[in-house]
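What follows is one structure encoded as structure tokens, with my remarks underneath.
For the numbers below, each heavy atom of this structure counts, side chains included, while hydrogens, waters and symmetry mates do not. Remember, predicted model here, so these are calculated numbers, not experimental data. By convention in this document, chain letters (A, B, ...) are assigned in the order of the sequence lines, proteins followed by strands, and residues within each chain are numbered from 1.
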There are 2 protein chains.
Amino acid sequence: MAATIKDIAKKIGKTTTTVSRALNDYDDISEETKELVRKAAAELGYIPNTMAQRLQKRQTDTIGLIVPTSGPRFSDPFFSEFIAGIGNTASRRGYDLLVSTRAPGDLELETYRQHIRSHRVDGFIIVRTRHEDERINILRKSGFPFTSFGRANCELDFSFVDEDGEQGMKLVMEYLAKLGHKRFGVISPPSNLEFSRYRLKGIWDKAAELGIAAHDISILEGDLTQRSGYEITNQLLDQPRFPTAIIACNDLMAFGAMSAAQERGLVVGSDVSITGFDNIPMSEYSHPPLTTVNQPIYQIGTTVCEMLIRRIRGETTEVEQILLTPSLIVRQSCGPAPMA
Amino acid sequence: MAATIKDIAKKIGKTTTTVSRALNDYDDISEETKELVRKAAAELGYIPNTMAQRLQKRQTDTIGLIVPTSGPRFSDPFFSEFIAGIGNTASRRGYDLLVSTRAPGDLELETYRQHIRSHRVDGFIIVRTRHEDERINILRKSGFPFTSFGRANCELDFSFVDEDGEQGMKLVMEYLAKLGHKRFGVISPPSNLEFSRYRLKGIWDKAAELGIAAHDISILEGDLTQRSGYEITNQLLDQPRFPTAIIACNDLMAFGAMSAAQERGLVVGSDVSITGFDNIPMSEYSHPPLTTVNQPIYQIGTTVCEMLIRRIRGETTEVEQILLTPSLIVRQSCGPAPMA
DNA sequence: TTGAAAGCGCTAACAC
DNA sequence: GTGTTAGCGCTTTCAA
């Protein structure tokens, strides 16, 4: 049986109140008593009962993350890095991280509602925001603390971190155009993901600016997996006037694109240029190393968690919104457009 | 304010005792009362306060997973899949999943101890067991419920799931030998990881069986990242009598190995053969697709979680130990040994 | 079939 | 400075 505050009280002949306050370092307790309590606590190997504390304080010291899984085999390096960022920050600040996995849908939303109502967590972190994101609607209505990685198409009266995907894609387009590319294939994220819109907007706007005609840009929708990058690239390259540059909206799809191209005997970086987005660690060691847009996922996890904790603790009431400026990481997966 | 059991009691003019028992479907409560209670609960939108329940029941309905992170950028598809497997199973069985991230070391062990003593979780899942695994020692001594993915070099008196890595490597060696390879490079996992021993044992034993000399096998230790696969392959290929087959002990390192080889202008699958281990989804869409050993990570997560819950609930007291038989997934990253 | 009473382990308002 | 008392929301004897 674990020692309780009562055992300590008994041992030193004081009340539980005194012990509690000594342990929490209240200043209406004498130094001697505190010392006494601390010693007794150490001897008994006392550790507070978390659930009792939480019940009493009506807070859970827990942050909730519901990972939107897609499919049974959910293998995405993005999430392990994001979770690491959140997890390390949470524990440094004394919070637990409660992770659930749910496919987007009714069950997912029900899980949010339940966690809110049953006081399972003090706040949520939302990831991969969607167009008309019901999660955010629920959270906003409930007044429950949350922060998100990604913006949404509702009123942005909450705290978030996002990277400026529009700008990121403009960098990519500009770079490829400078290399002489005229026909582009785009492997877009699922269109219901909010960041998809920003990225596509960046592409279209920059294309317009550069005088690239709409029919020289073919956009096909992927699902962010390597597999879909592979399959879509095959479609793209099967077209009669196939693109010389393929813009994948994340690194995983870019890897798939490289495989598809290489399988056809094309040399990536000269016969065809391919770009990614995220700059996951793997992208540095692909063949060829991938030109991509940097997105500091670990740090975004850190920041978004930090912001949430500040809100939960009431250390700030202001809405914090951070839009990161992307940078292009040039490696060897792109080269001058081949002669037609 | 969320409705409590008290509100329900007041509303229907019964005591909290009755309500509690009705809600928990005790059979000393009349059907009518139960109906009444359920209706009132629904109307008030009642959801039990988790912390109160947990305090009272002295259990947390929570499973702990402490992910052994390595380095700040922790990007490993292995873990997202493993977490998905555990998470889905846990929630199906009514458990929460508490995830922490800790680099192996004292702080990590301290976290285990604290979580045990403060009743933060009901049991642990251990992943990536190590040689002389202090985590397992702590858990065994404390009598705290846990299961692991991976064996350990102590007395195996606990439940685990593991894949027979020795057998897996024998399959690889056999396959490569049959293709005519005579000189092998091995990119091993960190030697402190328990599975490293099994895999190396498989390689040595099969080599002996096939009459392959020890000096024809160079083993260099990686850290499971793509980067280390890349770097080690460069070392391997810099040797005067370089290997014609490179055996990477996980898929990520195999990808790195492919990049390094390709960067030197070697054709993977003919100039040099490369194998992996894990069969992560990506391995199907690399270029060339990777020959590897299947390891059903999602399903292992499911099983190990299921086993833990059975122990926690006391549904079984027996130790369950599952050793999965691996299978070789032959793709295009290997070919006949080139003429010397 | 139901209610009264106690208690899980902790904190906090208030009194002394 | 320290103790008294109450209570967080729930479950569970025990008695009626």
Side-chain angles (χ1 to χ4, degrees), chain A residues 1-38 40-41 44-62 94 96 114-122, chain B residues 1-38 40-41 44-62 94 96 114-122:
Chain A
M1 280 298 100
T4 73
I5 214 175
K6 219 166 164 178
D7 300 321
I8 302 181
K10 201 163 291 169
K11 177 158 183 169
I12 62 170
K14 302 265 174 189
T15 57
T16 59
T17 317
T18 307
V19 174
S20 169
R21 282 194 293 213
L23 254 16
N24 290 305
D25 208 27
Y26 279 46
D27 32 62
D28 59 354
I29 300 289
S30 73
E31 241 340 293
E32 311 146 58
T33 317
K34 279 185 189 170
E35 201 43 59
L36 206 62
V37 168
R38 277 193 281 260
L44 293 171
Y46 169 78
I47 295 196
N49 180 307
T50 318
M51 296 310 149
Q53 286 182 315
R54 292 178 176 176
L55 172 59
Q56 154 66 31
K57 297 238 213 96
R58 253 140 308 187
Q59 65 184 32
T60 62
D61 297 329
T62 302
D96 282 343
Q114 293 216 2
H115 280 201
I116 294 172
R117 317 255 341 256
S118 64
H119 300 282
R120 237 185 192 57
V121 300
D122 289 344
Chain B
M1 281 299 101
T4 73
I5 215 176
K6 217 165 164 181
D7 299 322
I8 302 181
K10 201 163 290 169
K11 177 158 183 169
I12 62 171
K14 301 264 176 191
T15 57
T16 58
T17 318
T18 307
V19 174
S20 169
R21 283 195 293 216
L23 255 15
N24 289 306
D25 208 26
Y26 279 46
D27 33 62
D28 60 355
I29 299 289
S30 74
E31 244 334 300
E32 310 147 57
T33 316
K34 281 186 188 170
E35 202 41 62
L36 206 62
V37 168
R38 278 193 281 260
L44 293 172
Y46 169 78
I47 296 196
N49 179 308
T50 319
M51 297 308 149
Q53 285 183 315
R54 290 176 178 179
L55 172 58
Q56 157 65 31
K57 297 233 214 100
R58 254 139 308 187
Q59 65 184 31
T60 62
D61 296 328
T62 302
D96 282 344
Q114 293 217 0
H115 280 201
I116 294 172
R117 318 255 340 259
S118 64
H119 300 282
R120 237 186 192 56
V121 300
D122 289 345

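For a distance-only test at 3.5 Å, the side chain of A:R21 qualifies as a donor-acceptor partner of the base of D:dG3. Judged by atom type and distance alone, A:Q56 reaches the base of D:dG7 through a side-chain donor-acceptor pair under 3.5 Å.
Atom CE of residue B:M51 and atom NE2 of residue A:H119 lie 9.5 Å apart, to the nearest 0.5 angstrom.
Residues in residues 45-58 of chain B take part in these salt bridge (Lys or Arg N to Asp or Glu O under 4.0 Å) pairs, two or more places apart or across chains: B:R54-B:D96.
Proximity of residues 11-20 of chain A to DNA chain D (heavy atom under 4.0 angstrom from any strand atom) is restricted to A:K14, A:T15, A:T17, A:T18. Within residues 22-37 of chain B, the residues that have a heavy atom under 4.0 Å from DNA chain D are, in order of number, B:N24, B:Y26.
Rounding to whole angstrom units, NZ of residue A:K57 and C1' of C:dG9 are separated by 13 Å. Taking atom CG of B:L55 as the reference point, atom C1' of D:dG7 lies 12 Å away to the nearest angstrom. Regarding A:R58, its CZ atom lies at a distance of 16 Å from the P atom of C:dC10, rounded to whole Å. As rounded to whole Å, 11 Å separates atom C1' of C:dT11 from atom OH of A:Y46. For the pair B:I5 CD1 and C:dG3 P, the computed distance is 13 Å after rounding to whole Å. In this structure, the NZ atom of B:K6 is 16 Å from the P atom of C:dG3, given to the nearest Å. One can place CG of B:N49 at 11 Å from P of D:dC8, the figure rounded to the nearest angstrom.
Residues passing the side chain to side chain donor-acceptor pair (under 3.5 Å) test with A:T17, sequence neighbours excluded: none. In this structure, A:D27 has no side-chain contact (heavy atoms from CB on, under 4.5 Å) partners at least two apart in sequence or on a different chain. Applying the side-chain contact (heavy atoms from CB on, under 4.5 Å) test to A:K34 and every residue at least two apart in sequence or in another chain returns A:A22, A:D25, A:I29, A:E31, A:R38. Take B:K6 and apply the side-chain contact (heavy atoms from CB on, under 4.5 Å) test, not counting sequence neighbours, and it matches B:T4, B:T16. Residues passing the side-chain contact (heavy atoms from CB on, under 4.5 Å) test with B:I47 are A:R117, A:S118, sequence neighbours excluded. Not a single salt bridge (Lys or Arg N to Asp or Glu O under 4.0 Å) links A:K14 to another residue, sequence neighbours left out. Taking B:E35 as the reference, nothing meets the side chain to side chain donor-acceptor pair (under 3.5 Å) condition, with sequence neighbours excluded. Annotation: side chain to side chain donor-acceptor pair (under 3.5 Å) contacts of A:T33 (sequence neighbours excluded): A:S30.
Across the helix from C:dT1-D:dA16 to C:dC16-D:dG1, the helix axis at one end is tilted relative to the axis at the other end by 40° (nearest 10 degrees, each axis from five pairs).
Taking each heavy atom of A:A40 and A:I8 in turn, the nearest pair found is CB-CG2, 3.9 Å.
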